[in-house]
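Below you'll find the structure, written out as structure tokens, and then a few comments.
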Amino acid sequence: MAYGYIGSMKTRPGRRDDVVAILLSGAESLRDFGCRSYVVGLAADDPDTIVVTEVWESKEHHDASLRLPKAKEAIAAAMPMLTGEFTSRELVVAGGLGAGD
């Protein structure tokens, strides 16, 4: 079964759109590294919270993606705009639209 990850991050006031732009900047290339689905969402009840939902071939694919130079650069660029408030949840993906085979 595929690996899933749902995480949220809180941005400093007024920086949400900047962080979203960073998160989306390399989204298309993630397919090449085993990503089946990558969705960046905005919390409806908090103007400074971003929620990212991901589905990967495996946890190893996900972990390897975080070691890519472009990912490291994106994380470094986003970190000063974040408050340090994060949540995360790992999933075993049973299926669904966008989960792939």
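Counting from 1, the numbers follow the sequence of the chain as shown. Values below: every heavy atom of this structure, side chains too, minus hydrogens, waters and symmetry copies.
Under the 4.5 Å side-chain heavy-atom criterion for grouping Ile, Leu, Val, Met, Phe, Trp and Tyr, Leu66 is not connected to Val51 through any hydrophobic cluster. Using a 4.5 Å cut-off between side-chain heavy atoms of Ile, Leu, Val, Met, Phe, Trp and Tyr, with links allowed through other members, Leu23 and Leu68 fall into the same hydrophobic cluster. Under the 4.5 Å side-chain heavy-atom criterion for ILVMFWY residues, no single connected hydrophobic cluster contains both Leu42 and Val39. No single ILVMFWY cluster, assembled from side-chain heavy atoms under 4.5 Å apart, contains both Val55 and Val52.
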Result block: side-chain N/O donor-acceptor pairs under 3.5 angstrom for residues 74-81, not counting sequence neighbours:
none

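Looking at Arg31, Glu28, Glu54 one by one, the single match for side-chain contact (heavy atoms from CB on, under 4.5 Å) with Tyr38 turns out to be Glu54.
Taking the side chain as every heavy atom from C-beta outward, Thr11 and Thr83 never approach each other to under 4.5 Å. Looking at heavy atoms from C-beta onward, Ile6 lies in side-chain contact with Leu91 at the 4.5 angstrom threshold. The closest side-chain heavy-atom distance from Arg15 to Val20 is not below 4.5 Å.
Identified under the ring pair (Phe, Tyr, Trp, His ring centres under 6.0 Å) test for residues 57-79, with sequence neighbours left out: Tyr3-His62, Tyr5-His62, Trp56-His62. A salt bridge (charged side-chain N to carboxylate O under 4.0 Å, His left out) check over residues 69-93, counting only residues at least two apart or in different chains, returns the pairs Lys59-Glu90.
For Arg12, the CZ atom is densely surrounded, since the number of other residues' heavy atoms within 6.0 Å is greater than 12.
Considering only residues two or more places apart in sequence or on other chains, Asp46 meets the side chain to side chain donor-acceptor pair (under 3.5 Å) condition with Lys10, Thr49. For the side chain to side chain donor-acceptor pair (under 3.5 Å) test, no residue two or more places apart in sequence or in another chain qualifies with Ser65. Not counting sequence neighbours, Ser25 has no partner by the side chain to side chain donor-acceptor pair (under 3.5 Å) test.
The two residues Asp48 and Pro13 make their nearest non-hydrogen contact at OD1-CA, 3.7 Å. The heavy-atom pair separating Arg36 from Ala2 by the smallest distance is NH1-CB, 3.3 Å.
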Verdict with supporting geometry, Met1 and Val93, side-chain contact (heavy atoms from CB on, under 4.5 Å): CA-CA 6 Å; Met1 289 192 182; Val93 178; 5.7 Å; no
